[in-house]
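To find a chain, count down the sequence lines: A is the first, B the second, and so on, and within it residues start at 1.
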Protein chains: 2
Amino acid sequence: MQVQGNMKRPNTQELREMHATLCQALADPTRIALLYELGNGPKHVNEFVNALNLPQATVSRHLKMLRERSLVNTRREGSYIYYSLADERVLGALDIMFSVKNDILVRQGNLAKTSSQTD
Amino acid sequence: MQVQGNMKRPNTQELREMHATLCQALADPTRIALLYELGNGPKHVNEFVNALNLPQATVSRHLKMLRERSLVNTRREGSYIYYSLADERVLGALDIMFSVKNDILVRQGNLAKTSSQTD
DNA sequence: ATAGTATATTCGAATATACGGATATTACCG
DNA sequence: CGGTAATATCCGTATATTCGAATATACTAT
């Protein structure tokens with residue numbers, strides 16, 4: 001298990017709190033969906049609303065949380081505001097947790113049925 | 001960005017909820033500390049209590065949450081119950097998020113001061 | 001059994017988060 | 001300007017999470 005880059009691991013209370021605050025962004029199914037959507041390129045709010053079939057207020061609220069944590073960038077283009085991933089590695093972290101979850105399910109006998117193209 | 005192993009990404013509401021439930025385990029500074037402690041090998045409850053200087057009830061409660069998500073295994077040994085990491089990749093996900101956070105701080109001008117051996 | 005140690009759970013109060021309709025704000029364009 | 005579309009915020013309510021002292025449970029050893 002290698003620590004990324006040239007930094008230390010979080011050893012102080014304050015660092016752990018920042019770390020946890022960032023991870024908090026991953027702890028909601030809607031935000032996970034938003035982040036993966038952004039993996040396919042920048043999108044504006046209404047695209048999320050349509051793609052995920054969620055109320056605009058809900059999308060906007062969750063995007064705000066990602067913004068506050070600097071996980072997404074925004075740029076205005078015409079009358080749209082485009083959101084983009086600030087750091088693709090976040091999807092890597094999500095992928096890891098997804099694999100872990102999958103393996104847990106397999107281990108527990110719930111088969112590897114992780115797919116289903118219903119989206 | 002590669003999806004781990006041979007599985008698909010979470011496309012359904014149900015999968016995203018499970019995914020989020022697992023990520024929820026990472027969204028608390030105490031649990032982050034517990035997981036990193038476990039990176040150094042199995043420990044029993046009192047070792048966490050001493051290492052992290054937390055009330056025993058707090059440690060036990062957070063360990064329970066990790067247990068419920070199958071992120072840790074337990075085995076009794078004499079009068080101790082040893083906890084161990086069920087999947088080391090979780091630390092990889094934490095490391096990624098830690099790097100991301102660090103880069104965000106650097107980008108925002110708060111320097112790369114991520115260390116400090118105060119623990 | 002009894003005592004002693006390790007771990008888990010209960011409980012009530014404080015705090016945080018999620019929801020989404022309604023409403024505000026902002027920016028673009030004629 | 002005025003209208004319109006896009007996005008953000010407000011608000012009350014519902015639900016979830018966190019805390020840690022107190023208490024319960026589980027096991028070991030005598």
Side-chain angles (χ1 to χ4, degrees), chain A residues 13-14 16-35 37-38 41-86, chain B residues 13-14 16-35 37-38 41-86:
Chain A
Q13 180 60 22
E14 190 192 2
R16 278 193 295 257
E17 268 162 25
M18 290 193 291
H19 198 171
T21 297
L22 197 65
C23 289
Q24 183 76 34
L26 311 182
D28 176 275
T30 300
R31 287 191 295 271
I32 289 176
L34 290 173
L35 289 168
E37 283 291 327
L38 284 173
K43 283 190 170 48
H44 60 254
V45 182
N46 262 306
E47 291 184 287
F48 294 117
V49 170
N50 295 328
L52 303 175
N53 198 31
L54 292 169
Q56 181 262 325
T58 298
V59 169
S60 205
R61 184 165 29 82
H62 284 291
L63 285 173
K64 178 184 186 180
M65 188 177 172
L66 297 177
R67 236 188 302 132
E68 286 168 344
R69 286 162 178 71
S70 301
L71 288 176
V72 296
N73 298 130
T74 59
R75 78 167 189 282
R76 178 171 283 273
E77 188 146 329
S79 50
Y80 298 105
I81 294 179
Y82 279 90
Y83 281 77
S84 57
L85 272 185
Chain B
Q13 180 60 24
E14 189 191 3
R16 279 194 295 256
E17 268 163 26
M18 290 193 290
H19 198 170
T21 297
L22 198 65
C23 289
Q24 185 75 33
L26 311 182
D28 176 274
T30 300
R31 287 191 296 271
I32 288 176
L34 290 173
L35 289 168
E37 283 292 326
L38 285 174
K43 283 190 171 48
H44 62 254
V45 182
N46 262 305
E47 289 183 289
F48 294 117
V49 170
N50 295 329
L52 304 175
N53 198 31
L54 292 170
Q56 181 262 324
T58 297
V59 169
S60 205
R61 184 163 28 82
H62 285 291
L63 285 173
K64 179 185 187 180
M65 186 177 174
L66 298 177
R67 234 188 304 130
E68 287 169 344
R69 286 160 178 73
S70 302
L71 289 175
V72 296
N73 298 130
T74 60
R75 77 167 190 283
R76 180 172 279 275
E77 187 146 329
S79 51
Y80 297 106
I81 293 178
Y82 279 90
Y83 281 77
S84 56
L85 271 186

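Listed by first and then second residue, the salt bridge (charged side-chain N to carboxylate O under 4.0 Å, His left out) pairs involving residues 42-60 of chain A are Glu37(A)-Lys43(A) (not counting sequence neighbours).
Remark: Pro29(A) pairs with Gln13(B), Arg16(B), Glu17(B), Ala20(B) by the side chain to side chain contact (heavy atoms under 4.5 Å, CB included) rule, at least two apart or across chains. Evaluation of the salt bridge (Lys or Arg N to Asp or Glu O under 4.0 Å) rule for Arg76(A) yields no partner, not counting sequence neighbours. Take His62(B) and apply the ring pair (Phe, Tyr, Trp, His ring centres under 6.0 Å) test, not counting sequence neighbours, and it matches no residue.
Val59(B) is not listed as a side-chain neighbour of Leu52(B), based on a closest heavy-atom distance of 4.5 Å or more.
Residues Gln56(B) and Leu63(A) both approach DNA chain D. Their nearest nucleotides, taken by heavy-atom distance, put Leu63(A) toward the 5′ side. Both Glu47(A) and Ala57(B) lie near DNA chain D, and the one whose nearest nucleotide falls closer to the 5' end is Glu47(A). Of the residues near DNA chain C, Ala27(A) and Arg61(B), the one whose nearest nucleotide (by heavy atom distance) lies more toward the 5' end is Arg61(B).
For DNA chain C, the span of nucleotides reached by chain B at under 4.0 Å from its heavy atoms goes, 5' to 3', from dA6(C) to dT9(C).
Considering CD1 of Ile81(B) and CG of Asn46(B), their distance stands at 11.0 Å, rounded to 0.5 Å. Rounding to the nearest 0.5 angstrom, the gap separating the OG atom in Ser60(A) from the CG atom in Leu54(A) is 12.0 Å.
Proximity of a side-chain donor or acceptor of Arg75(A) to a complementary backbone N or O of Ser84(A) within less than 3.5 Å is not detected.
At least one side-chain nitrogen or oxygen of Asn46(A) sits closer than 4.0 Å to the OP1 or OP2 atom of dT7(D).
Put simply, NE2 on His62(A) is 15 Å from P on dT9(D), counting in whole angstrom units.
Heavy-atom minimum distance, Thr30(A) versus Asp28(A): N-OD1, 2.8 Å. Nearest approach of Arg31(A) to Gln24(A), heavy atoms of both residues: NH2-O, 3.2 Å.
Rotation axes derived from the C1' atoms of the five outermost pairs at either end of the helix from dA1(C)-dT30(D) to dG30(C)-dC1(D) lie 30° apart, to the nearest 10°.
Listed by residue number, Ser79(A), Tyr80(A), Ile81(A), Tyr83(A) are the residues of residues 74-86 of chain A with a heavy-atom contact under 4.0 Å to DNA chain D. Using a 4.0 Å cut-off on heavy atoms, none of the residues of residues 64-71 of chain A approach DNA chain C.
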For residues 64-74 of chain A, run the donor-acceptor check on the side chains, cut-off 3.5 Å, and write out each pair with its distance to 0.1 Å, sequence neighbours left out.
residue  : atom : partner   : partner atom : Å
Arg67(A) : NE   : Tyr83(A)  : OH           : 3.2
Arg69(A) : NE   : Thr21(A)  : O            : 2.7
Arg69(A) : NH1  : Met65(A)  : O            : 3.3
Ser70(A) : OG   : Gln108(B) : NE2          : 2.9

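Using bins of under 30°, 30° to 60° and over 60° for the plane-to-plane angle, the ring pair Tyr82(B)/His44(B) lands in the perpendicular bin.
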Step by step, work out the side-chain contact (heavy atoms from CB on, under 4.5 Å) result for Val45(A) and Leu63(A). CA-CA 9 Å; Val45(A) 182; Leu63(A) 285 173; 4.0 Å; yes
